[in-house]
Structure formats: C-alpha cells, structure tokens
Amino acid sequence: MTFTTPQYASYTQEDLVRLIHHYRLILQDPNRPAQDRLEAERELAALYQPTYATSSTGQIEHNNRVLGGYRATLANPNVSDAAKAHARAMLEMAGADVRTQKERSLNEGTNKQGKGADAHLARQLGGYKSALKSTFTVYGLCRRPHEKRCVFSDPNVSPEAKAHARNMLAQHGIAC
C-alpha cells in the first residue's frame, strides 16, 4: 500500500514499515504511559488513513470504484454472508442501487449488454425481413457480358421459412 498522507509523503516504504513497527511496539508495551500509547494510536490511524485525489473527479472515480467493488462482492458466490451484508450496508449508506447487475437485468428486462427485449425483437424481425428478401447481388459474374450486376435468389431459404417469416412479420404489424 502506498501511503499518500502528506505528513509521510517523503518517507520511503522501508521507513514507513519501521515507523509502523515502532508504533505497534509502543501500543503493546504496558510500561509506556497512556499518553504515549494514545499518540502512537493516532499516528497509526493517520498512517492507515490515506488521502485520495484532491480533484472532485478523482474522488468521484474512486468512489465509483469502491461501490463497484461492493457490488462485485454481492455477486460473488465465494464471499461469506457477513461480507455480503457489509457490502449491502455500505451501498445503502452511499445511496447506491443494492441490486447486482443480474438482479437489475431481470427486473428491467435487459440482457448482459444492457440492451432490452426490444432490441432483441428488432433483430429478430430484421432477420425475418432478410429471409423474405433472400436475394444477393453479384457484380461482374453475370452470364450476359453487357450486365454489370446480377441478382440471384438465395437457395438456402425454403418456401416454408419464407411463409413463417411473413406470418411473424404480420403478427407484429409489419407489411411485407
């Protein structure tokens, strides 16, 4: 962990480790005065309380990442119930949506990419339209030398598939 507390910014990692060790020894020594132990406790708290970016965008980005971590905790099946309860409490405290992405998608009718059932239906209907217009154009391979392009019917779409496509489009009010 990199300490960015201004008071200790110029310290090397090795110096910080020694300092933490020193303060912990003070806290564990019963012969030390209470004032020394209290000061050591405050200093340790300052060391473990890093300051984050001073710009508001940096702070917002940090907060979003922290909340994302809590959401990931809720979605992770390998996390204990206590950790999930803590993550849920932290999200509620921040006023964030407590539901996981899976829960939100079930409630809002969206898929993994965040697109709803409407987008899926539009793609499906587009496929049916494509089946009806199952022709393809070939440039330069025509039998007649004066033609530059030829339109061929697609033999892979059966008449039954075309009839099904017409029925599906008619059910959705699309004229073909």
Side-chain angles (χ1 to χ4, degrees), residues 1-131 133 164-165 168-169 171-174:
M1 176 176 188
T2 304
F3 298 101
T4 57
T5 305
Q7 179 180 353
Y8 302 107
S10 62
Y11 284 45
T12 66
Q13 191 75 22
E14 194 173 297
D15 291 337
L16 289 170
V17 169
R18 277 194 215 117
L19 191 60
I20 290 170
H21 182 68
H22 173 72
Y23 286 137
R24 285 185 178 161
L25 288 176
I26 291 173
L27 287 174
Q28 292 172 357
D29 187 0
N31 297 328
R32 289 280 187 158
Q35 183 64 31
D36 286 353
R37 287 198 306 267
L38 187 61
E39 186 178 326
E41 193 173 324
R42 272 198 309 264
E43 290 298 321
L44 275 175
L47 277 168
Y48 283 111
Q49 188 65 41
T51 58
Y52 299 104
T54 56
S55 71
S56 62
T57 56
Q59 186 65 34
I60 290 170
E61 183 177 327
H62 168 74
N63 290 343
N64 287 341
R65 289 177 190 224
V66 169
L67 294 176
Y70 287 131
R71 283 192 192 96
T73 301
L74 291 177
N76 188 345
N78 298 325
V79 174
S80 70
D81 290 338
K84 286 184 180 186
H86 173 72
R88 183 170 274 111
M90 296 304 288
L91 285 168
E92 287 173 353
M93 230 170 46
D97 192 359
V98 179
R99 299 173 299 164
T100 62
Q101 183 177 4
K102 189 175 185 179
E103 291 168 341
R104 285 193 304 269
S105 67
L106 289 174
N107 290 347
E108 296 166 6
T110 57
N111 56 21
K112 278 187 177 180
Q113 288 79 26
K115 298 174 182 157
D118 293 338
H120 175 70
L121 180 63
R123 284 192 201 95
Q124 232 179 1
L125 295 175
Y128 290 134
K129 284 182 184 180
S130 175
K133 297 180 180 185
H164 175 70
M168 293 304 291
L169 289 170
Q171 283 179 7
H172 288 83
I174 298 173

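With respect to the salt-bridge test (charged N to carboxylate O, under 4.0 angstrom), the residues D15 and R18 qualify.
H120 contributes atom NE2, which lies 9.5 Å from atom CG of L125 (distance to the nearest 0.5 angstrom). Distance check, rounded to the nearest 0.5 Å: CD of E43 to NE2 of H22 gives 10.0 Å. In this structure, CD on E41 lies 13.0 Å from OH on Y23, to the nearest 0.5 angstrom. Rounded to the nearest 0.5 angstrom, D36 CG and L27 CG are separated by 10.0 Å.
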* To do: For side chain to side chain contact (heavy atoms under 4.5 Å, CB included), just list the numbers for H172 and L121, CA-CA rounded to whole Å, side-chain angles, deciding distance to a tenth of an Å, and then say yes or no.
  => CA-CA 10 Å; H172 288 83; L121 180 63; 3.6 Å; yes
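Residues passing the side-chain contact (heavy atoms from CB on, under 4.5 Å) test with D29 are N31, R32, sequence neighbours excluded. Contacts of R37 classified as salt bridge (charged side-chain N to carboxylate O under 4.0 Å, His left out), with partners at least two apart in sequence or in another chain: none. Every residue two or more places apart in sequence or in another chain was checked for a salt bridge (charged side-chain N to carboxylate O under 4.0 Å, His left out) with R88, and none qualifies.
By the 6.0 Å contact criterion, CD on E14 is open, its count of non-hydrogen atoms from other residues, nucleotides or ligands being 12 or less.
Across every non-hydrogen atom of K84 and L74, the tightest pair is O-CD2, 3.3 Å. A pairwise comparison of heavy atoms in I26 and A40 identifies CG2-CB, 3.7 Å as the closest pair.
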